[in-house]
A.B. asks: 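This is the structure I want to talk about, given as structure tokens.
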Amino acid sequence: WKDIADFKEILVHYNIKNTLIGNVMRDWNKDYMFGYQFLNGCNPVMIRKCMKLPDKFPVTHEMVKGCLKKGSTLREELQAGNVYIVDYEILKGVPAASSERHLTAPICLLYKNELDQIVPVAIQLSQTPGAMSPIFLPSDNTHIWMLAKMWVKSSDFHVHQLVTHLLKTHLVSEVFELAMYRQLAAVHPVYKLLMPHVRFTIAINAEAREKLIGEDGIFTKVALNSINGAGMGKLIQNAMKTLTYKSLCFPEDIKARGMEDVPNYYYRDDGMRIWEAIHCFVSAVVKIYYDSDEAVQKDVEIQEFVKDVACFGMNNSDNFPKSLTSREQLVEYLTAVIFTASAQHAAVNFGQFDWYGWIPNGPSTMRKPPPQQKGQVDMKYIMESLPDRRSSSEVLGTVWALSQTQKNEVCCLIHIHFSLQTVSAAHAPLRSDERGSAAERSKQRSLIRSTKRGFVKKNVGGFQYKPRGDWFSFAKVRVLCFLCSC
């Protein structure tokens, strides 16, 4: 490579007309686009509101005053809730694959400006401040600021692929699927409810372990060659320390990060609609099969299912419940399982070609170490830092393949086996005036559609379930890819 424009050469065999990648190629280096991706890009789960700067990130008002609203101070903007932070501490201590590949754990401060844009105002490329880890600013040399943002995006690429995508959707869903097979009878209504969303997870994860992240996998050998197997293991271990059940509950995660009111956060807006639609139907189904909280407590299979997830899947983690005591808890738990395997995976997977297809926007590896001084950085230095032609081509092909949907794919609640009577009862809340205005009910019904499969309720072995031949099903929730909402 000699110039950024050279990366267009590897895109000539891809049809990028009428895709988001065209906008990314045009605006990728603009600060507003950099910030926008933390809201609606491939990894929209890292950003959080910052009310107080951490000691390890000593940004001062003098550094950022040129980026703030005229007449305001950094302290005032922090207190007003207009400052956000993205911290890649999870990468601290993760070894690089070789001396020719480099990793770091940056921190990025973002600001909501008067145009309601989220823009970067300060970047530190390590977790330890000091003379060898300066804070880079928009007022710095154009090339050094560009390189600092590239380093943040490269770190974001690694965390997205191995934590947000692999761990928190694929591997977590595998835990739920294994526990389901171990503890729930095939005729249990919860088995029927979960099966369409977790099926094939074990199979695709086995393929990923061999062909993507295994010793001879494409991520290890070529694409994600900043991190080897040991580094991947270390990163996953770091992530497991922060993984909680509540973080899988979409509304709780949004609240925990303080992201309830940030504008233009389409991942949040679309995600809440889909979470509510899934929660609504799951609640109706649970109320049909469990007439009281006591019924949930006495369902041995459900209790063993939840215990299996926490004790075996999550290594006896205290961050996951080991039992459920109410219908409300069961509804939330099942909604989290379904949402994680369907909507959340769609949000962090299917936009990869759009955002990573333009290699400078999310470098999979960096060939030079992060700058330790605000010295002269030119385009030649930047091009020598970015992935080479082979790595770039392999990454491009990989993210294109990962972004494809199957021709027969129907996204979310499908083939779930309940009787027509159950379906009608579960749909009743959506038809009720108590659900809100006609427009709101229409919006809900646009997400939920009837198809043909079914389940009939009968007494079997002390519990109310039994399959029958003439099936009817209840629903299909069309999951939109949130990150294309822009």
Side-chain angles (χ1 to χ4, degrees), residues 4 19-53 57 59-87 106-124 135-153 156 254-255 257-273 347 351 354-356 358 360-362 480-486:
I4 294 291
T19 66
L20 188 62
I21 195 173
N23 296 334
V24 176
M25 292 169 65
R26 184 186 66 230
D27 294 339
W28 69 276
N29 193 38
K30 295 180 180 178
D31 285 353
Y32 91 88
M33 178 62 87
F34 176 87
Y36 178 85
Q37 292 178 67
F38 289 112
L39 299 179
N40 303 301
C42 277
N43 198 18
V45 300
M46 294 295 292
I47 186 171
R48 59 178 58 245
K49 185 169 288 186
C50 179
M51 304 299 292
K52 182 180 183 300
L53 289 172
F57 194 26
V59 179
T60 66
H61 172 69
E62 289 300 316
M63 291 179 181
V64 299
K65 64 180 181 180
C67 302
L68 306 181
K69 184 173 63 177
K70 189 175 181 180
S72 65
T73 66
L74 178 57
R75 176 177 293 182
E76 290 170 347
E77 294 298 333
L78 284 165
Q79 294 174 346
N82 293 327
V83 180
Y84 300 85
I85 193 168
V86 180
D87 188 351
I107 312 172
C108 180
L109 198 68
L110 302 124
Y111 173 64
K112 180 173 75 70
N113 64 22
E114 293 180 281
L115 298 177
D116 281 343
Q117 296 171 335
I118 301 296
V119 295
V121 295
I123 293 172
Q124 180 177 289
I135 295 175
F136 299 98
L137 307 168
S139 57
D140 290 337
N141 173 280
T142 301
H143 289 116
I144 193 70
W145 181 238
M146 178 191 294
L147 183 60
K149 289 189 292 182
M150 285 178 172
W151 267 104
V152 172
K153 291 299 295 178
D156 191 72
I254 296 295
K255 184 178 179 180
R257 293 188 288 115
M259 299 298 291
E260 303 99 316
D261 57 359
V262 62
N264 306 318
Y265 197 13
Y266 305 122
Y267 165 78
R268 174 202 60 208
D269 299 339
D270 293 349
M272 287 301 298
R273 286 182 59 195
D354 285 331
W355 297 108
Y356 296 146
W358 182 239
N361 187 57
L480 303 177
C481 187
F482 311 152
L483 40 98
C484 290
S485 298
C486 61

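Numbers here simply count residues along the sequence, with the first being 1. These numbers were taken from a predicted model, which means no experiment stands behind them.
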A.B. asks: Please identify each residue that fulfils side-chain contact (heavy atoms from CB on, under 4.5 Å) with T142, with sequence neighbours left out.
C.D. replies: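 So T142 forms no side-chain contact (heavy atoms from CB on, under 4.5 Å) with any residue.
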
A.B. asks: Between I85 and F57, is a side-chain contact (heavy atoms from CB on, under 4.5 Å) present by the stated rule, with each step listed?
C.D. replies: CA-CA 10 Å; I85 193 168; F57 194 26; 4.1 Å; yes

A.B. asks: Roughly how far, to the nearest 0.5 Å, is the OH atom of Y84 from the CE atom of M51?
C.D. replies: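 So the gap between those two atoms works out to 9.5 Å.
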
A.B. asks: Checking side chain to side chain donor-acceptor pair (under 3.5 Å) for the pair N361/Q37: CA distance, chi angles, key distance, verdict?
C.D. replies: CA-CA 10 Å; N361 187 57; Q37 292 178 67; 2.8 Å; yes

A.B. asks: Answer yes or no: is there a side-chain heavy-atom contact under 4.5 Å between W28 and M150?
C.D. replies: yes

A.B. asks: So how far is it from I4 CD1 to M25 CE, rounded to the nearest 0.5 Å?
C.D. replies: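 The CD1 atom of I4 sits 11.5 Å away from the CE atom of M25.
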
A.B. asks: I need the minimum non-hydrogen distance between S72 and L68, along with the two atoms involved.
C.D. replies: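 In this case the closest contact between S72 and L68 is OG-CB, 3.9 Å.
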
A.B. asks: Nearest 0.5 angstrom please: L74 CG to M63 CE, how far?
C.D. replies: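 Those atoms lie 10.5 Å apart.
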
A.B. asks: For residues V59 and V121, determine if any side-chain heavy atom of one lies less than 4.5 Å from a side-chain heavy atom of the other.
C.D. replies: no

A.B. asks: According to the salt bridge (Lys or Arg N to Asp or Glu O under 4.0 Å) rule, which pairs have a member within residues 23-42, sequence neighbours left out?
C.D. replies: D27-K30, D31-K149

A.B. asks: State which residues pass side-chain contact (heavy atoms from CB on, under 4.5 Å) with T19; sequence neighbours excluded, sorted by chain then number.
C.D. replies: I16, I21, D354

A.B. asks: Can you tell me how far apart NE2 (H61) and CD (E77) are? Round to the nearest 0.5 Å.
C.D. replies: 10.0 Å

A.B. asks: Let me know which of N82, V262, N113 forms a side chain to side chain contact (heavy atoms under 4.5 Å, CB included) with I118.
C.D. replies: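 For I118, the side chain to side chain contact (heavy atoms under 4.5 Å, CB included) test succeeds with only one of N82, V262, N113, which is V262.
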
A.B. asks: Taking C-beta and beyond as the side chain, do P106 and W151 meet within less than 4.5 Å on heavy atoms?
C.D. replies: no

A.B. asks: Only counting residues at least two apart or in another chain, list the ones meeting ring-ring contact (aromatic ring centres under 6.0 Å, His included) with Y265.
C.D. replies: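 Checked Y265 against ring-ring contact (aromatic ring centres under 6.0 Å, His included); matches are Y267.
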
A.B. asks: Are any of the side-chain heavy atoms of L39 and I47 separated by less than 4.5 Å?
C.D. replies: yes

A.B. asks: With distance as the sole test, does R268 use its side chain to make a donor-acceptor pair with the main-chain N or O of I254 at under 3.5 Å?
C.D. replies: no

A.B. asks: Between atom CG of L53 and atom CD1 of I107, what is the distance when rounded to the nearest 0.5 Å?
C.D. replies: 10.0 Å

A.B. asks: Does the pair K112 and D116 meet the rule for a salt bridge (Lys or Arg N to Asp or Glu O under 4.0 Å), with working shown?
C.D. replies: CA-CA 6 Å; K112 180 173 75 70; D116 281 343; 3.6 Å; yes

A.B. asks: Can you give me the closest heavy-atom contact between G35 and L110, atom names plus distance?
C.D. replies: CA-CD2, 4.0 Å

A.B. asks: Suppose we screen for ring-ring contact (aromatic ring centres under 6.0 Å, His included). Which residues come up paired with F34, at least two apart in sequence or across chains?
C.D. replies: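 Partners of F34 by the ring-ring contact (aromatic ring centres under 6.0 Å, His included) criterion, ordered by chain and then number, come out as F38.
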
A.B. asks: Apply side-chain contact (heavy atoms from CB on, under 4.5 Å) to N141 and list each qualifying residue two or more places apart in sequence or on a separate chain.
C.D. replies: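 Here the qualifying residues are H143, I144, Q376.
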
A.B. asks: How many angstroms lie between CZ in F136 and CD1 in I123, if you round to the nearest 0.5 Å?
C.D. replies: 9.0 Å

A.B. asks: Shortest non-hydrogen contact from D261 to K49?
C.D. replies: OD1-NZ, 3.2 Å

A.B. asks: Indicate the atoms forming the closest heavy-atom contact of P120 with P138, along with that distance.
C.D. replies: O-CG, 3.6 Å

A.B. asks: Give a yes or no answer on whether the side chain of R48 reaches the backbone of G258 with a donor-acceptor pair at less than 3.5 Å.
C.D. replies: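 No, because the side chain of R48 does not come within donor-acceptor range (under 3.5 Å) of the backbone of G258.
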
A.B. asks: Could you tell me which non-hydrogen atom of D156 sits nearest to which non-hydrogen atom of M46, and how far apart they are?
C.D. replies: OD1-CG, 4.1 Å

